[in-house]
Structures are given as C-alpha cells and as structure tokens.
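Heavy atoms only: backbone and side chains are in, while hydrogens, waters and symmetry mates are out.
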Amino acid sequence: MIDKKFQGKGFGREAVRLALEFIKTWPQGQAEYCALSYEPENTVAKALYESFGFVENGEMDGDEIVAVLKLK
C-alpha cells in the first residue's frame, strides 16, 4: 500500500516491478504463477496489475478478487 499523499508518483508501479524481479530469482524455489488480490472497487490497482500481465482467475480471497501472473 502506498500512502495517499504519495500515490500517482510511480511508487506503486516501481514496487510491483521490484517485487516481481525478486520473485523471479526463485528465492523459495521455482513457481509457475504469482497470485495477488485486491478489492473490487480498486480500479487503479486492477489497472496497475493488468499492466504487468496479471489476469483475474475467477477466484475470490474473502471479498477480494484474485489475479495471477504466469511466471514461466
């Protein structure tokens, strides 16, 4: 999460980029997918994650939408 006063400055995009870069070093062993979730009304998060290739898979995590990114 990015504090409201710092949103819209690219920090979230950079955080996601760096997180994915780290995940792809396979620190916990190889994985085929990376999954995350977000609140349905958070259209900004949805657009951000979609820009990295995350796709909703139809699952929910409580009240949040699950999206996955194929890593391999």
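- In terms of modelled atom types and a separation under 3.5 Å, the side chain of D61 and the main chain of E64 share no donor-acceptor contact.
- By the criterion of side-chain heavy atoms lying less than 4.5 angstrom apart, applied directly or through intervening Ile, Leu, Val, Met, Phe, Trp or Tyr residues, V16 is grouped together with W26 in one hydrophobic cluster.
- Once rounded to the nearest 0.5 Å, the distance linking CG of L36 with CD1 of I65 reads 11.0 Å.
- Here the closest non-hydrogen pair linking C34 and L20 is SG-CD2, 4.2 Å.
- Note: M60 CE to S37 OG = 9.0 Å, rounded to the nearest 0.5 Å.
- Side-chain heavy atoms closer than 4.5 Å link hydrophobic residues (I, L, V, M, F, W, Y) into clusters, and following such links, possibly through other members, connects I23 to Y38.
- By the neighbour-count criterion of 12 heavy atoms within 6.0 Å, atom CD of Q28 is sparsely surrounded, having that number or fewer from other residues, nucleotides or ligands.
- Annotation: the span from E50 atom CD to E56 atom CD amounts to 6.5 Å, rounded to 0.5 Å.
- Other residues, nucleotides and ligands contribute over 12 non-hydrogen atoms within 6.0 Å of the CG atom of D3.
- In this structure, F6 and F11 have perpendicular ring planes: the angle between them is above 60°, well past the 30° mark.
- Within 6.0 Å of NZ in K72 there are more than 12 heavy atoms belonging to other residues, nucleotides or ligands.
- Residues S51 and L48 share a closest heavy-atom pair of OG-O, 2.5 Å.
- Atom NZ of K4 is surrounded by 12 or fewer heavy atoms from other residues, nucleotides or ligands within 6.0 Å.
- The distance from the CG atom of L69 to the NZ atom of K24 is 6.0 Å, given to the nearest 0.5 Å.
- In this structure a side-chain-to-backbone donor-acceptor pair under 3.5 Å is present from Q7 to I2.
- Here the straight-line distance linking atom CZ of R17 with atom CZ of F52 works out to 8.0 Å at 0.5 Å rounding.
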